[in-house]
2 protein chains.
Amino acid sequence: MTASSPDRPDPRSRRARLRALETASDLFYANGVRAVGMEQIVEESGVAKTTIYRHFPTKDALIEAFLKKEDAEFWSQWDAVIGTATTSMGQIEALCDWIGKRVRRNGYRGCPQLNVAAEFADRAHPARLVARQHKAEMHRRLEAICAHGGVVHPETTAMQIALLFDGAFMSDGRLNAYDAPALLEHAAVLLIGGGRERPDKGASAELA
Amino acid sequence: MTASSPDRPDPRSRRARLRALETASDLFYANGVRAVGMEQIVEESGVAKTTIYRHFPTKDALIEAFLKKEDAEFWSQWDAVIGTATTSMGQIEALCDWIGKRVRRNGYRGCPQLNVAAEFADRAHPARLVARQHKAEMHRRLEAICAHGGVVHPETTAMQIALLFDGAFMSDGRLNAYDAPALLEHAAVLLIGGGRERPDKGASAELA
DNA sequence: ATTCTCCGCTACCGATCAGTATCGTTTGAC
DNA sequence: GTCAAACGATACTGATCGGTAGCGGAGAAT
């Protein structure tokens, strides 16, 4: 029961844990969690297998830690992005710009939360819980921005934008043929603009 | 090289192949392709392992056949759906209604093409080729509808709607709290309505 | 009725999987 | 300088992986 407490550990312990988690995260993201074996993480990180299992009781726990790490880094960047704008629309545009650039980075391979969720059928899997909380948090934040911007039904508009973002995350290079930031911004502006009017549709011009 | 030709086979051969592929497809979709072993497919389908490998040289080929089957069934339903409407906007609304209902079906677990793509890092994997072609086909069809509906930049608007759809596919139950068909229809109408005007933004009202 | 094809079955292959045991060594804390 | 804690290394477990070999039997074609 002398399990290594996460708080106040040996500096060696901290470093080993960090290196293992960082290596695992890179491998998991680049290859998919099921395709990466524990031995591979051992070899690439230089951390002994026994040490990894001292910090993470199972591979599933390591995967869960991977997603929590991705989650934290994602919101950290998110906060930095929206910090560059003062208006709601400006924040949404900044987010679109960020995402549009993010999805065309080298080695980008989709949303890690969605990718992992696709690999595990069990909705009660700890990693799937993290993924659901991550997506709920995104909706919550988008809803707050929409509400602050005067959107009539902020939760609905926020969900529409969230779907747009998730689609962009999973676009697998298809957006590279476009100006992704502009495409996303244009779409988001339309969704928010439409959300400021009464949502009982109607008024939209009919098409042939 | 007396490989079983796909055309004009024994009825026994046809049935074995069909049962193997159907069982594999169900298992692959429900659990993820890497989580399903060949032995499991053998047990659940009643088709011998040797027979499966006579029809599909590798597991990867079986996965590829699974995605091609999903692709064919998807477009079959798609055609039936858009056949119920006469106008472009009517077709888009019908598609939104179809997708909104589809994603809340029991056992729905996201887009099989995106799910499989998430499991293989190699972009040259045969299954990833099928997935890319599937998404390209969706964009092509949406673009045709948009163009016919008088949208100024049909390929851009089609991409925006495609992202919306993919987001809905991967929404993992988050849409169950909403009227998914209405939410998608509303979003699609806004995207198309905005696409009919000059796309050099501007005009959209500024938010606080 | 014979033949030829394809089936299902059992057993097996080497490789890899997640996870554990043991042990000697390093290292921060006091 | 001593001690306890956490490290790295090696070796191993039983299970499972994708894929193959060899068999006997069923069924369609002639």
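- One atom, CE of B/M38, and another, C1' of C/dT10, lie 17 Å apart when rounded to the nearest Å.
- When the nearest nucleotides of DNA chain D are assigned to A/I52 and A/E39 by heavy-atom distance, the more 5′-ward of the two goes with A/I52.
- Classification of A/R141 and A/D79 as a salt-bridged pair holds, one side-chain N sitting under 4.0 Å from a carboxylate O.
- Look at B/H55 and you'll find a side-chain N or O under 4.0 angstrom from OP1 or OP2 of C/dC7.
- Counting to the nearest Å, the C1' atom of C/dC17 and the CZ atom of B/R34 are 13 Å from each other.
- Heavy-atom distances under 4.0 Å link DNA chain C to A/T58, A/K59 of residues 56-66 of chain A, given in residue order.
- Looking only at distances, no side-chain donor or acceptor of B/Y53 sits under 3.5 Å from a matching main-chain atom of B/A48.
- Taken to the nearest 0.5 Å, the CG atom of A/D97 stands 13.0 Å off from the CZ atom of A/R102.
- In this structure, B/V36 reaches the sugar-phosphate backbone alone: every heavy-atom distance under 4.0 Å involves primed, P, OP1 or OP2 atoms, never a base.
- Of the candidates D/dG18, C/dG19, D/dC7, the closest approach to any side-chain atom of A/Y53 belongs to C/dG19.
- One N or O on the side chain of A/R34 and one on the backbone of A/E119 form a donor-acceptor pair closer than 3.5 Å.
- Residue pairs that meet the salt bridge (charged side-chain N to carboxylate O under 4.0 Å, His left out) test with at least one member in residues 57-78 of chain A, sequence neighbours left out, are A/E64-A/K68, A/K69-A/E73.
- The interatomic distance linking A/E43 (CD) with C/dT16 (P) rounds to 10 Å, in whole Å.
- Applying the salt bridge (charged side-chain N to carboxylate O under 4.0 Å, His left out) definition to pairs two or more places apart or across chains, those involving residues 156-173 of chain A are A/K135-A/D166, A/D166-B/R174, A/D172-B/R123, A/D172-B/R128.
- Classification of the A/F74-A/H134 ring pair by plane angle, with boundaries at 30° and 60°, yields perpendicular.
- A sub-4.0 Å separation between OP1 or OP2 of D/dG8 and a side-chain N or O of A/T51 is present.
- When all heavy atoms of B/S171 and A/L163 are compared, the pair lying nearest together is CB-CD2, 4.2 Å.
- Atom CZ of B/R14 is separated from atom C1' of C/dT5 by 17 Å (rounded to the nearest Å).
- With rounding to whole Å, A/K49 atom NZ is found 9 Å from C/dG19 atom P.
- Aromatic ring orientation, A/Y178 versus B/H139: perpendicular (interplanar angle above 60°, classes split at 30° and 60°).
- Counting to the nearest Å, the P atom of C/dA15 and the CD atom of A/Q40 are 18 Å from each other.
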| Base-contact (B) and sugar-phosphate-only (S) positions in nucleotides 22-28 of chain C, heavy-atom cut-off under 4.0 Å, - elsewhere | B---BBS

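- In this structure, the helix from C/dA1-D/dT30 to C/dC30-D/dG1 shows an angle of 30° between the axis at its start and the axis at its end, each fitted on 5 base pairs and rounded to 10°.
- Near-neighbour residues of DNA chain D inside residues 22-33 of chain B, defined by a heavy atom below 4.0 Å, are absent.
- A salt bridge between B/R140 and B/E137 is present, with a side-chain N of the basic residue lying under 4.0 Å from a carboxylate O of the acidic one.
- Side-chain atoms of B/H125 come within 3.5 Å of backbone N or O of B/A127 as a donor-acceptor pair.
- Going from atom CZ of A/F165 over to atom SG of A/C96 covers 4.0 Å, rounded to the nearest 0.5 Å.
- Rounding to whole angstrom units, CD1 of residue B/I41 and P of C/dG8 are separated by 14 Å.
- Across all their heavy atoms, A/Q91 and A/I145 have their closest contact at OE1-CG1, 3.8 Å.
- Between B/T23 and B/I41, the closest heavy-atom pair is CG2-O, 4.2 Å.
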